[in-house]
Amino acid sequence: MGISSTIGKGVAPRLHRLAPELSSNFVHEALRRAIFGIGPFPPAAKAADAQLAEQHGNVDRAVHEVIENHVRYAGAEGFVTNVGGLVTAALMIPANVTGLALIQCREVAGIAHLRGYDLEDQRVRNAILACMLGEDTVKTLVRKKKLPSTPMGIATAPAYDPHLDSVIANEVTSELLTKVAGKRIATSVARKVPVVGGLVGASVDAYATWQIGRYADRELLPRNRR
């Protein structure tokens, strides 16, 4: 476990108190907005279909483009929410968390759609959120029996388990807060120069989004598109 992750785990509970609105409900809302669209972002499926058309029906290439696009979005979002330096750090954490959640939800939802999954299916929505935890965290939670299976297993389960809604959303909220808190503390020296802090935030968020996209790419195997 890296320094930023270790520190973040200690700070994340305090961030819950600083930003109590960041409950598990916000994760479901981020996913809903990612799927149906918000502001300049069209719905995840529509954006993914546009990439599929650009790639002349090649699903794997379309998935690659979805990942690359969202890596760029995350980099821009990370820069904007990290340019304030140490003075505004505490105030900007909720913006960074919610922005990153929306971008990563949209990324994985687009991949799921391209691979033939129904975004209206609650099992698929829980699988999308599980992908956001990353492969290592998912393996740990499955080993501890906190999750019944991998994202693929959750998406294709014979029945929907409503209990997973809160379990996965709580884990995603904790994971996002841990990563953002750890990133901010571990890079506090760089953020004394605001632009440098922005560059650090951009690169960390972009890399995390790339990792999640690649995990979803490997995990969500193709299904028959209806």
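The figures here come from the full heavy-atom set of this structure, side chains too, leaving out hydrogens, waters and symmetry mates. Not measured: the values here are computed from a predicted model.
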What's the shortest heavy-atom distance between Ile35 and Ala109, and which atoms?
CG1-CB, 4.3 Å
Of all the heavy-atom pairs spanning Val71 and Ala206, show the shortest one and how long it is.
O-CB, 3.6 Å
For the residue pair Val59 and Pro222, establish whether any side-chain heavy-atom pair is separated by less than 4.5 Å.
no
Parallel, tilted or perpendicular for His70 and Tyr73, by the 30°/60° rule?
perpendicular
Where Pro148 and Ile154 come nearest, the two heavy atoms and their spacing
CG-CG1, 4.4 Å
So, do Leu52 and Glu65 sit near enough that their side-chain heavy atoms are less than 4.5 Å apart?
no
Is Trp210 reachable from Val63 through a run of hydrophobic residues whose side-chain heavy atoms are each under 4.5 Å from the next?
yes
Asp136/Lys139 ion pair, N-O < 4.0 Å
no
I need the minimum non-hydrogen distance between Val138 and Ala130, along with the two atoms involved.
CG2-O, 3.4 Å
For Ile168, the option from Leu164, Asn170, Asp165 that meets side chain to side chain contact (heavy atoms under 4.5 Å, CB included):
Leu164
Walk me through whether Thr150 and Glu135 qualify under side chain to side chain contact (heavy atoms under 4.5 Å, CB included).
CA-CA 9 Å; Thr150 63; Glu135 187 171 11; over 6 Å; no
With rounding to the nearest 0.5 Å, note down the distance linking CE in Met132 to OG1 in Thr173.
8.5 Å
Give the C-alpha distance, both sets of side-chain angles, the deciding distance and a yes or no for side chain to side chain contact (heavy atoms under 4.5 Å, CB included) between Phe26 and Leu176.
CA-CA 12 Å; Phe26 105 90; Leu176 285 166; 4.1 Å; yes
Residue list, ring-ring contact (aromatic ring centres under 6.0 Å, His included) with Phe36, at least two apart or on another chain:
none
Contact summary for Ala127 and Pro151, nearest pair of heavy atoms:
CB-O, 3.2 Å
Test item: Arg125 side-chain N/O and Leu119 main-chain N/O as donor-acceptor pair under 3.5 Å:
yes
Contact summary for Met152 and Leu221, nearest pair of heavy atoms:
SD-N, 3.6 Å
When rounded to the nearest 0.5 Å, the distance separating CD of Gln104 from CG of Asp205 is 7.5 Å
Kindly indicate, with the supporting measurements, whether the criterion side chain to side chain donor-acceptor pair (under 3.5 Å) is fulfilled by Arg123 and Asn126.
CA-CA 5 Å; Arg123 294 171 300 176; Asn126 280 336; over 6 Å; no
Should Val167 and Asp161 count as side-chain neighbours, where that means a heavy-atom distance under 4.5 Å?
no
Pairwise distance CG(Leu31) to CG(Leu129) - rounded to 0.5 angstrom
5.0 Å
To the nearest 0.5 Å, how far apart are OH in Tyr215 and CD1 in Ile111?
12.5 Å
Supply the atom-to-atom distance Glu107 CD to Asp217 CG, rounded to the nearest 0.5 angstrom.
10.0 Å
Does Arg115 come within less than 4.0 Å of Asp60, counting only side-chain N to carboxylate O?
yes
Output yes when Arg61 and Glu54 qualify as a salt bridge under the 4.0 Å nitrogen-oxygen rule, no when they do not.
no
Applying the 4.5 Å side-chain criterion to the ILVMFWY set and letting contacts propagate, would Leu141 and Val27 be lumped into a single cluster?
yes
Any side-chain heavy atom of Phe41 within less than 4.5 Å of one from Lys46?
no
CD/Gln122 to CD1/Ile128 distance, rounded to the nearest 0.5 angstrom?
9.5 Å
Could you check whether any side-chain heavy atom of Pro42 comes within less than 4.5 Å of a side-chain heavy atom of Arg106, counting everything from C-beta outward?
yes
